[in-house]
Amino acid sequence: MTITFIGHGYVGLVTACVFADFGNEVYVIGHTPTKIARLKQGDPIIYEPGLKELLEKNIKAHRLHFTVKYEEAISRSEIVFITVGTPPKANGEADLSQVMNVAEQIAPHLKNDLTVVSCKSTVPVGTNLRIEALLSRKKPAAARVAVASCPEFLREGSAIDDTINADRVVIGSNSPEAKHLLLKLHEPIAGKRVLTDLASAELIKYTANAILANKISFANLISFFCETTGADVEDVLDAVGLDKRIGRIFMNPGVGYGGSCFPKDVKALISIGQQHQIDVEMLKAIDTINSQTRTNFLKKVEQNLDGNTVAIWGLSFKPNTDDIRFAPSLAVVATLLKRGLHLRVFDPVAMDNFRKQFTQPQLTYSKNAYEAVKDSDALLILTEWNEFRQVDLKKVRSLMRRPLIIDGRNIYKPAVMKELGFQYISTGRQPIL
Ligand code: UDX
């Protein structure tokens with residue numbers, strides 16, 4: 001098939017590369033010429049494991065094309081995917097300007113044979129109907145178009161595998177022809193097929209993300225109970241998670257969720273609910289608890305730090321990505337800088353992105369994890385990168401001025417840390433002081 005992706009972020013570029021790898025002819029449209037030039041050279045711009053290799057391979061095979069021109073791609077394509085951002089507005093509502101702008105630019109290039117325009121961007125219920133109305137209004141009179149909602153469930157850091165080995169493929173459309181074409185395209189993808197209407201497909205994505213965010217906030221809430229009552233959150237959640245109805249996955253407490261999806265999608269669902277006069281107190285609590293995880297973490301720093309040099313390991317919102325959007329590190333670093341502390345930070349891949357936002361002289365970007373902890377009065381762990389799990393902790397202890405570790409991801413065992421002579425304060429477990 002010949003297909004087009006508009007937008008080349010974590011969803012657009014990964015999915016485009018995967019479908020090109022299956023043998024499809026794939027166009028990717030962007031609006032920044034310098035970025036399109038880099039993509040053409042095989043530079044993915046973002047960091048995602050395996051993506052560079054997949055990109056280079058499919059460019060070489062002449063199946064993957066990058067352009068800024070809609071006319072080059074749209075009229076050739078059977079399916080056009082919209083994969084642009086829907087960032088939150090100040091009031092929490094999803095900003096749909098990019099999505100609607102893209103739809104407007106697609107319209108004049110639609111052809112007489114059917115084109116399916118499928119939205120992968122996370123959009124509020126009713127948006128695809130608006131896209132359909134706009135396309136019908138602006139397309140050439142004889143052109144045929146059908147709209148579908150095909151939400152994406154990939155996680156950054158494991159995006160390629162998540163795309164190929166999906167749990168489910170959701171296709172929402174009022175057009176049987178669109179469903180048929182999308183089913184055909186997704187044939188090599190694993191997972192159950194869910195065929196539904198537009199509104200349900202749109203709501204499936206928000207529901208999935210809100211439930212996952214809820215699991216994390218619930219685990220964090222229980223960690224607050226554990227810290228004040230003397231219980232151990234890992235024991236509590238391990239035992240609770242053995243109940244198959246609950247499960248242990250996505251219940252890791254710490255410094256809360258970040259990234260480009262959970263924070264924005266929970267807020268957007270609150271906003272959708274408010275527009276429909278639905279009581280959204282439960283959703284608001286998910287968001288509030290997430291903020292409390294940061295406050296709780298910073299309180300531990302406040303109460304235990306003796307000195308003014310703090311090392312930080314992990315800046316990305318999760319491991320295996322360079323993405324720092326809504327990462328816990330943003331709030332933690334900003335607060336500690338305001339307090340006048342000297343920060344020595346290290347992240348395996350996210351430092352370039354962090355540097356674009358934080359250039360204060362009290363902040364030093366370190367070459368590696370050991371350099372960051374040298375002469376520090378505390379080490380804060382914000383992202384559970386694998387390379388932090390098996391560092392030489394004796395070496396870390398000898399490099400630090402004061403052996404205090406505040407772990408926002410519970411990556412070490414308290415008993416081991418005690419033996420090594422650390423003061424170790426983790427989440428929902430009794431501190432080693
Ligand atoms: C998420 C969804 O998982 C994915 O299905 C959807 O398509 C996009 O949003 P992503 O944001 O890439 O994916 O990463 P995810 O692994 O879900 O983690 C999100 C945040 O939650 C991270 O900050 C992570 O550290 C945090 N998290 C996750 C926890 O704090 N505890 C957990 O148990 C799990």
Side-chain angles (χ1 to χ4, degrees), residues 9-12 14-15 46-49 51 83 85-86 88 94 120-123 150-163 165-170 191 201-202 204-223 233-234 237-238 240-241 246-269 286-287 289-294 296-297 313-332 347 350 381-386 388 407-411 426-428:
Y10 293 87
V11 172
V14 168
T15 325
I46 50 171
Y47 173 82
E48 178 62 42
L51 185 57
T83 55
T86 51
K120 273 194 180 290
S121 305
T122 306
V123 291
C150 212
E152 183 51 61
F153 301 97
L154 61 80
R155 289 162 299 174
E156 289 178 26
S158 53
I160 295 172
D161 189 55
D162 283 355
T163 305
N165 297 306
D167 291 331
R168 74 299 215 188
V169 173
V170 175
E202 289 166 332
I204 284 167
K205 176 65 191 268
Y206 280 110
T207 307
N209 277 355
I211 289 179
L212 290 170
N214 183 46
K215 284 189 92 173
I216 299 167
S217 277
F218 210 95
N220 279 314
L221 178 65
I222 298 303
S223 82
V233 78
E234 301 295 342
L237 295 175
D238 283 350
V240 169
I246 299 171
R248 179 65 170 89
I249 197 162
F250 260 75
M251 287 217 293
N252 296 316
V255 275
Y257 58 76
S260 68
C261 290
F262 291 168
K264 129 180 121 62
D265 292 347
V266 170
K267 286 193 171 74
L269 195 56
I286 298 173
D287 189 44
I289 293 166
N290 200 47
S291 307
Q292 287 168 352
T293 61
R294 319 270 150 95
N296 189 42
F297 184 83
W313 283 358
L315 300 172
S316 56
F317 81 98
K318 62 179 282 190
N320 299 322
T321 180
D322 61 347
D323 196 345
I324 58 163
R325 285 176 288 176
F326 297 95
S329 61
L330 298 173
V332 171
D347 187 286
I381 300 173
L382 298 182
T383 317
E384 69 280 29
W385 283 93
N386 268 344
F388 302 150
D407 182 356
R409 297 291 182 178
N410 284 2
I411 62 176
S426 52
T427 305

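Just so you know, these numbers use all the heavy atoms, side chains as well, and skip hydrogens, waters and symmetry mates. All ligand and atom numbering here is 1-based and tracks the order in the structure.
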Worked check of side-chain contact (heavy atoms from CB on, under 4.5 Å) between Asn220 and Gln292: CA-CA 9 Å; Asn220 279 314; Gln292 287 168 352; over 6 Å; no
Gly259, any N or O under 3.5 Å of ligand 1 N or O: no
For the student: nearest non-hydrogen atoms of Ile411 and Phe388, plus distance: CD1-CB, 3.8 Å
Best match, Thr321, Leu237, Leu154: closest heavy atom to atom 4 (C) of ligand 1: Leu154
Mode of Met251 contact toward ligand 1 - side chain, backbone, both, neither (heavy atoms, under 4.0 Å): backbone
Sub-4.0 Å atoms of ligand 1 with respect to non-hydrogen atoms of Cys261: 8 (C), 9 (O)
Shortest non-hydrogen separation from Phe317 to Arg409 and the atoms involved: O-NH2, 3.7 Å
Atom pair CZ/OG of Phe262 and Ser217 - distance to nearest 0.5 Å: 10.0 Å
Check: Ile216 N/O within less than 3.5 Å of ligand 1 N/O: no
Min N/O separation Phe262 to ligand 1 under 3.5 Å: no
Proximity of Asn252 to ligand 1 by residue part, where a heavy atom lies under 4.0 Å: both
Ligand 1-proximal atoms of Arg325, by part, heavy-atom distance under 4.0 Å: neither
Residue portion contacting ligand 1 (non-hydrogen atoms closer than 4.0 Å) for Val255: neither
N/O donor-acceptor pair under 3.5 Å between Asn252 side chain and Ile216 backbone: no
Proximal ligand 1 atoms for Lys205, defined as those under 4.0 Å from one of its heavy atoms: 7 (O)
Contact with ligand 1 for Gly254, non-hydrogen, under 4.0 angstrom: no
Any N/O pair Glu156/ligand 1 closer than 3.5 Å: yes
Proximal candidate to atom 26 (C) of ligand 1 [heavy atom criterion; set Phe317, Tyr257, Phe250]: Tyr257
Contact atoms of ligand 1, heavy-atom distance to Arg409 under 4.0 Å: 25 (O), 30 (O)
Proximal atoms of ligand 1 relative to Lys318 (non-hydrogen, under 4.0 Å): 14 (O), 15 (P), 16 (O)
